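Only one structure is covered here, and it is reproduced in the block below.
Treat the numbers as computed from the prediction; the structure is a model and nothing was measured.
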Amino acid sequence: QVQLVESGGGLVQAGGSLRLSCAASGSIFSINAMGWYRQAPGKQRELVATITQGGGRINYADSVKGRFTISRDNAKNTVYLQMNSLKPEDTAVYYCNAEGLTLTYGSTSVFTSWGQGTQVTVSS
């Protein structure tokens, strides 16, 4: 069982910046991909950014390219999302996601976990 806890959301004016953090804990053997998704009111959840374990493959939604930066600290099992030049359309609940393997009683199992979400509100 793997838990993800997000932090760093809040209210910011357009053009401002926020940094989201997501820490994973539990019976973790390894974490492969980590990422951020968001869901605005009345809309489906959408991918914001993902990053592989070694950071060699990073993917961004077109709407955030050049403004958001995803990074991770494998020693802390933590992923970050630096959001700059925020726009009102970035307003949403942001969710952290992680995929990997757990280790329990000598056996590994695949896991996919989601955080509880953190609200980001950008005022115009």
Original post:
Can you tell me how far the OG1 atom of Thr50 sits from the CG atom of Asn59, to the nearest 0.5 Å?
Top reply: 4.5 Å
Original post:
If Ile, Leu, Val, Met, Phe, Trp and Tyr residues are connected whenever their side-chain heavy atoms lie under 4.5 Å apart, and connections chain through other members, are Ile31 and Tyr37 in the same group?
Top reply: no
Original post:
Which heavy atom in Gly8 sits nearest to a heavy atom in Leu18, and how many Å separate them?
Top reply: O-CD2, 3.9 Å
Subject >> Path from Tyr80 to Ile51 over hydrophobic side-chain contacts below 4.5 Å >> reply: no
Identify every side-chain donor-acceptor pair in residues 95-112 under 3.5 Å, counting partners at least two apart or on other chains, and give the distances.
| residue | atom | partner | partner atom | Å |
| --- | --- | --- | --- | --- |
| Asn97 | ND2 | Ser113 | O | 3.4 |
| Thr102 | OG1 | Ser109 | O | 3.4 |

Subject >> Exercise: identify the closest heavy-atom pair between Val2 and Ala24 >> reply: CG1-CB, 4.3 Å
**OP:** Establish whether Leu4 and Val93 are linked, either directly or via other cluster members, by ILVMFWY side-chain heavy-atom contacts under 4.5 Å.
**Re:** no
Subject >> Close side-chain approach of Ile70 to Val79, heavy-atom, < 4.5 Å >> reply: yes
Original post:
Taking atom SG of Cys22 and atom CD of Gln3, what is their separation to the nearest 0.5 Å?
Top reply: 11.5 Å
Subject >> Interatomic spacing from CG in Leu20 to CH2 in Trp36 - rounded to 0.5 Å >> reply: 4.5 Å
**OP:** Please check if Tyr94 and Val5 belong to a single hydrophobic cluster, counting links between Ile, Leu, Val, Met, Phe, Trp and Tyr side chain heavy atoms closer than 4.5 Å.
**Re:** no
Show every donor-acceptor pair shorter than 3.5 Å between a side-chain atom in residues 84-92 and any protein atom, with sequence neighbours excluded, or say none if there are none.
| residue | atom | partner | partner atom | Å |
| --- | --- | --- | --- | --- |
| Asn84 | OD1 | Ser17 | OG | 2.9 |
| Asn84 | OD1 | Gln82 | NE2 | 2.9 |
| Asp90 | OD1 | Arg38 | NH1 | 3.0 |
| Asp90 | OD1 | Arg67 | NH2 | 3.0 |
| Asp90 | OD2 | Arg67 | NH1 | 2.8 |
| Asp90 | OD2 | Arg67 | NH2 | 3.4 |
| Asp90 | OD2 | Lys87 | N | 2.8 |
| Thr91 | OG1 | Pro88 | O | 2.9 |
| Thr91 | OG1 | Val122 | N | 2.9 |
| Thr91 | OG1 | Val122 | O | 3.4 |

Original post:
Partners of Arg19 by salt bridge (charged side-chain N to carboxylate O under 4.0 Å, His left out), sequence neighbours excluded?
Top reply: none
Subject >> Validation row: Val48, Met83 side chains within 4.5 angstrom (heavy atoms) >> reply: no
Subject >> Arg72 side chain to Asn74 side chain, donor-acceptor N/O pair below 3.5 angstrom >> reply: yes
Original post:
Applying the 4.5 Å side-chain criterion to the ILVMFWY set and letting contacts propagate, would Val12 and Phe68 be lumped into a single cluster?
Top reply: yes
Original post:
Counting N and O atoms only, with roles assigned by atom type, does the side chain of Glu6 sit under 3.5 Å from a partner on the main chain of Gln116, one being a donor and the other an acceptor?
Top reply: yes
